[in-house]
Amino acid sequence: MRNYKIETQCVQGTYRPESGEPRVLPIVQSTTYQYYDSDTVADLFDLKSATHMYSRISNPTVSELENKMALLEGGVGAVAASSGQAASTLAFLNICQAGDHIVAASTIYGGTYNLLAVTLKKLGIEVTFISPEASCEEIIGASRPQTKALFAETIGNPGLNILDFEKFSKAAKEMDVPFMVDNTVATPILCRPFELGADIVIHSTTKYTDGHATSVGGVVIDGGTFNWDNGKFPALVEPDSSYHGVQYVRDFGKAAYVTKARVQLLRDFGMTMSPFSAFLFHLGLETLHIRMERHSENALKLARFLENHPGVSWVNYPLLEKHKTYALAKKYLPKGGSGILTFGIKGGAQAGKELIKHLEMTALVVHLGDLRTSILHPASTTHRQLTEEQQMAAGVLPDLIRVSVGLENIDDITADFDKAIRAVMTV
Ligand SMILES: *Cc1c(COP(=O)(O)O)cnc(C)c1O
């Protein structure tokens, strides 16, 4: 399948039924697998055989989703997790322990920010946040001897800034640590981070992978590109006493990272994706290429419409010429800027809250990547616990409205916004 175009990979995936078997990926709703003798099971426990043993660690339906995500991103392997947050946790804890350090861009998803700034800190892992506009030297300057990863998102949150892959991958190479990228909002249809120097890619499959807002999940994909045997990652090189001395780099080569994430961390933490969720994500991926194209097209059209609206004070979308990372968007997102845009309405926070009441079709939800257009006013909802000062620091302006542009006819989307903005303008 590696030779096929990405659209074909979305549709065909990696699942190949034998004669007489179901054409559609079956949901294997079984915790357990049967064997003829104990020696087979012993080999499984010693990691000498790769079949399934127990669904906390692997399951046939979940495996197909993992294989398909690895195929679409161009990685050597993937491990699914129960949520995007679980995937990020797995990705970091696979290579970090107490005393270690991470350098991360400050413009990241709020949940990931909390994971890094609060929860990993409690586990003894320190994080330095840097501006995505920092120079290569400044990024390297933020590192320490204990630094184990450089992390950023393809499309930042909520500024929708596009990651400067060249600068970040160069810094990661200098630091001799893996470059980890959250590619949730771009998806492999719009951007393939491994081709741009990333070593590990993380997804919340809850968003565009699912696309229909049915399930929570995540996945970590290993590019197989990083040399873990550089003195910084003994846990991947030295014998693992919990597996009779398995040595991940020696025994699993390019798949060392993803193998350790599965057999050690999924085994111990148990943040496993359910087979039913994996089935739905796998189904979602079959139309991902079509959906991302239309999400991007509708979002650019809505952005241009809002730009010219008298009730709108500003619009932010990666592919608007005046966006501050427009040049990076042109370079790294040639197929589209994804479906998220933000805008400010004249009249500030109060007008923002008011606008939502006047929308007829567009729904207020705490989500993005759904095929239905949805809206959120962060200042009065997701970020309401923050002081106004903290909101500003996080880039959450009082009048900022975030739209996840869906797949409805663009004329109906713009009409809904036009009517609601005009209603607010007259009060
Ligand atoms: C939603 C999201 C996450 C977290 O994913 P969950 O599935 O909600 O746990 C991580 N990163 C990004 C960019 C997201 O949008």
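Being a predicted model, the structure only gives us computed values, none of them experimental. All ligand and atom numbering here is 1-based and tracks the order in the structure.
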Next on the checklist: Tell me whether Lys232 forms a cation-pi arrangement with Phe226, defined as NZ or CZ under 6.0 Å from the six-membered ring centre and within 45 degrees of its axis.
Outcome noted: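 Geometry flag: not set, cation outside 6.0 Å or 45°.
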Checklist entry - Does the distance from a Lys or Arg side-chain N to an Asp or Glu carboxylate O, for Glu133 and Lys167, drop under 4.0 Å? => result no
Item to check | Basic-acidic side-chain contact under 4.0 Å: Glu297, Lys301 | outcome: yes
Checklist outcome for this item: Per side-chain contact (heavy atoms from CB on, under 4.5 Å), Met292 is matched among Arg294, His289, His295 by His295
Next on the checklist: Strictly by salt bridge (charged side-chain N to carboxylate O under 4.0 Å, His left out), give each pair with a member in residues 189-205 just once, sequence neighbours left out.
Outcome noted: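 Residue pairs with at least one partner in residues 189-205: Arg192-Glu195.
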Checklist entry - Any chance the side chains of Asn59 and His52 put a donor and an acceptor closer than 3.5 Å? => result no
Which protein N or O atoms sit under 3.5 Å from any N or O of ligand 1? Give each pair with its distance.
unit_1, atom_1, unit_2, atom_2, d
ligand 1, 5 (O), Ser204, OG, 3.0
ligand 1, 7 (O), Gly84, N, 2.9
ligand 1, 7 (O), Ser204, OG, 2.8
ligand 1, 7 (O), Thr206, OG1, 2.6
ligand 1, 9 (O), Gly84, N, 3.1
ligand 1, 9 (O), Gln85, N, 2.9
ligand 1, 11 (N), Asp182, OD2, 2.7
ligand 1, 15 (O), Lys207, NZ, 2.7

